[in-house]
Number of protein chains: 2
Amino acid sequence: MKLITRNTDYAVRALCCIAEQKQEVISGDQLVKSLEMPRPFLRKILQTLNKEGLLTSSKGKGGGFALAASPEGITLIEVMKIFQGPIKLSEHKFKKSDCPRINDCLLKKKIDEIEKEVIVKLKAITISSILKNRR
Amino acid sequence: MKLITRNTDYAVRALCCIAEQKQEVISGDQLVKSLEMPRPFLRKILQTLNKEGLLTSSKGKGGGFALAASPEGITLIEVMKIFQGPIKLSEHKFKKSDCPRINDCLLKKKIDEIEKEVIVKLKAITISSILKNRR
DNA sequence: CAAAATGATACAATTATAGTATCATAATAG
DNA sequence: CTATTATGATACTATAATTGTATCATTTTG
Ligand code: FES
Ligand code: FES
């Protein structure tokens with residue numbers, strides 16, 4: 001019942017780390033050292049973030065990754081969508097298709113209300129607001 | 001990223017159905033007919049609800065299940081705990097043990113705030129409040 | 001060309017969810 | 001006392017999601 005998967009969590013940590021960096025561009029290997037996470041896993045995450053337009057990348061010596069937007073402009077929900085798909089707290093599948101009862105499920109209606117509020121909260125979280133949380 | 005598993009959803013639907021019934025006791029097979037869900041799966045769910053004290057059961061002809069408390073007294077979060085364990089939106093495990101970064105993870109702190117609010121909402125949902133939602 | 005970096009893609013392991021199957025036990029009617 | 005109707009306990013299996021790993025190709029710079 002976890003809201004955030006490891007993909008997303010690592011991606012956010014990487015984005016935070018890049019945002020804090022003095023030099024704009026930082027290589028994957030430097031990030032591995034700072035963040036202590038499995039190299040090939042982080043590499044894949046960085047590639048995805050680049051493909052989705054949250055990072056820019058450059059190859060070759062001196063290359064690496066940089067933020068494509070300011071830390072204020074990168075929201076958590078955006079990262080979640082990339083790695084976890086759209087937020088659906090009350091998804092209810094039955095062998096790949098939706099539950100036949102989904103339209104009259106009373107519980108689903110209640111959960112949908114909670115979902116709306118969670119989405120509002122998530123939209124308010126950005127890389128910069130996460131960094132501000134720190135002491 | 002689903003908040004409610006099928007176990008929980010089915011359990012709630014069953015509890016609602018029992019609560020609405022005129023006769024207090026209803027058999028598993030009758031519930032299967034009303035709820036259109038896989039018999040052995042529902043049976044297991046009912047057994048668990050009984051073991052956890054949300055239902056009472058009686059064997060033999062005329063037997064079946066009945067609510068152990070009033071519909072106002074059964075909360076969603078109670079059912080969720082039974083089938084999904086305690087609510088932990090920001091759990092982050094690494095091979096069975098907690099993520100070593102869990103104590104300084106800035107994102108986790110943000111998610112924990114959301115978790116608190118979600119728990120408040122969930123605690124307010126009961127079988128009777130779910131039934132009232134219906135038109 | 002060699003070194004340092006990312007890009008693309010296929011594969012594998014682990015865990016969680018969802019579901020099935022079987023046999024035992026108890027209560028009731030006749 | 002035995003057949004029927006019901007639940008109890010428990011072991012097994014299937015599917016999907018998550019969490020990774022491994023390999024080779026491509027681009028950039030010196
Ligand atoms: S959406 Fe399927 S039972 Fe609630
Ligand atoms: S709790 Fe592990 S990185 Fe956030």
Side-chain angles (χ1 to χ4, degrees), chain A residues 1-11 14 18 23 25-33 35-66 68 80 82-85 88 91-97 99, chain B residues 1-11 14 18 23 25-33 35-66 68 80 82-85 88 91-97 99:
Chain A
M1 190 200 355
K2 111 188 91 174
L3 195 60
I4 303 287
T5 64
R6 190 175 294 255
N7 265 335
T8 304
D9 201 349
Y10 279 4
I18 298 172
Q23 69 268 42
V25 172
I26 179 168
S27 77
D29 277 358
Q30 284 176 280
L31 284 169
V32 166
K33 274 176 205 151
L35 298 168
E36 298 173 277
M37 49 182 78
R39 205 183 101 101
F41 196 26
L42 178 58
R43 261 175 56 75
K44 195 162 77 169
I45 289 169
L46 292 170
Q47 281 184 16
T48 304
L49 288 173
N50 176 41
K51 212 182 304 179
E52 298 290 334
L54 269 69
L55 291 177
T56 59
S57 76
S58 50
K59 289 176 169 179
K61 192 156 192 169
F65 299 91
M80 290 177 72
I82 290 171
F83 292 102
Q84 309 176 206
K88 273 181 198 160
E91 211 175 30
H92 193 165
K93 299 286 195 111
F94 189 73
K95 312 228 174 193
K96 294 273 187 178
S97 56
C99 173
Chain B
M1 192 202 352
K2 114 186 88 180
L3 196 60
I4 304 287
T5 64
R6 190 175 294 256
N7 265 337
T8 303
D9 201 349
Y10 279 4
I18 299 172
Q23 70 269 41
V25 172
I26 179 169
S27 77
D29 277 356
Q30 287 175 276
L31 284 169
V32 166
K33 275 176 206 151
L35 298 169
E36 300 173 278
M37 50 181 79
R39 205 183 101 102
F41 195 27
L42 179 58
R43 261 174 58 72
K44 195 163 77 169
I45 288 168
L46 291 169
Q47 281 184 15
T48 304
L49 288 172
N50 177 40
K51 213 182 303 176
E52 298 290 336
L54 270 69
L55 292 176
T56 59
S57 75
S58 50
K59 288 176 172 181
K61 191 155 191 167
F65 299 91
M80 289 177 72
I82 290 171
F83 292 101
Q84 310 177 206
K88 273 180 198 160
E91 211 176 28
H92 192 164
K93 300 284 195 105
F94 189 72
K95 314 229 173 194
K96 294 269 191 184
S97 58
C99 174

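Just so you know, these numbers use all the heavy atoms, side chains as well, and skip hydrogens, waters and symmetry mates. What you see is a predicted model; the values in this text were computed from it and never measured.
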Quick check: closest heavy atoms across [X] and [Y], and the distance to 0.1 Å?
X      : Y      : answer
M1(B)  : L3(A)  : CG-O, 3.6 Å
T56(A) : A68(A) : CG2-CB, 4.0 Å
A14(A) : L31(A) : O-CD2, 4.4 Å
V25(B) : A66(B) : CG2-CB, 4.2 Å

inquiry  = Measuring only between side-chain heavy atoms, which start at C-beta, is L49(A) closer than 4.5 Å to F83(A)?
reply    =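 In short, these two side chains touch, coming nearer than 4.5 Å.
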Whole angstroms only, please: what is the [atom1]-[atom2] distance between [X] and [N]?
X      : N       : atom1 : atom2 : result
K33(B) : dT5(D)  : NZ    : C1'   : 12 Å
L42(B) : dA6(D)  : CG    : P     : 14 Å
Q47(B) : dA24(C) : CD    : P     : 15 Å
E36(A) : dG20(D) : CD    : C1'   : 18 Å
M1(A)  : dT18(D) : CE    : C1'   : 16 Å
D9(A)  : dG20(D) : CG    : C1'   : 15 Å
L3(A)  : dT18(D) : CG    : C1'   : 15 Å
I26(B) : dT7(D)  : CD1   : C1'   : 15 Å

Among the nucleotides dT20(C), dT18(D), dG8(D), whichever has the atom closest to the side chain of F65(B) is dG8(D)
Of the listed dT21(D), dG7(C), dT20(C), the closest approach to the P40(B) side chain comes from dT20(C)
May I ask you to evaluate whether [X] reaches the phosphate of [N], defined as a side-chain N or O under 4.0 Å from OP1 or OP2?
X      : N       : result
N50(A) : dG7(C)  : yes
N7(B)  : dA18(C) : no
S58(A) : dA5(C)  : no

Worksheet item: Is there a donor-acceptor pair closer than 3.5 Å between any side-chain N or O of Q84(A) and the backbone N or O of N7(A)?
Response: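 Checking the backbone N and O of N7(A) against the side chain of Q84(A), no donor-acceptor pair under 3.5 Å is found.
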In degrees, rounded to 10°, what is the bend between the two ends of the helix from dC1(C)-dG30(D) to dG30(C)-dC1(D), using five pairs at each?
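End axes: 0° apart.
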- Any N or O donor-acceptor pair linking the side chain of K59(B) to the base of dG8(D) at under 3.5 Å?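 Flag unset: no donor-acceptor pair detected.
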**Item:** Check: dT4(D) base within 3.5 Å donor-acceptor of K61(B) side chain
**Value:**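 No, no donor-acceptor pair under 3.5 Å.
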Residue mapping more 5' on DNA chain D - nearest nucleotide basis, G62(A) or K44(B):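 Upstream on the strand: K44(B).
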### Query
Just how far is it from atom CZ of R43(A) to atom CE of M37(A), taken to the nearest 0.5 Å?
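These two atoms lie 14.5 Å from each other.
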Contacts of R43(B) and F83(B) projected onto DNA chain C by closest heavy atom; the upstream (5') one is F83(B)
Looking at every strand, decide which applies to [X] at a 4.0 Å heavy-atom threshold: base, sugar-phosphate, or nothing.
X      : value
G28(B) : sugar-phosphate
R39(B) : nothing
K51(A) : sugar-phosphate

Residue that, paired with Y10(A), satisfies side-chain contact (heavy atoms from CB on, under 4.5 Å) out of I45(A), L46(A), T5(A):
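The option that passes is I45(A).
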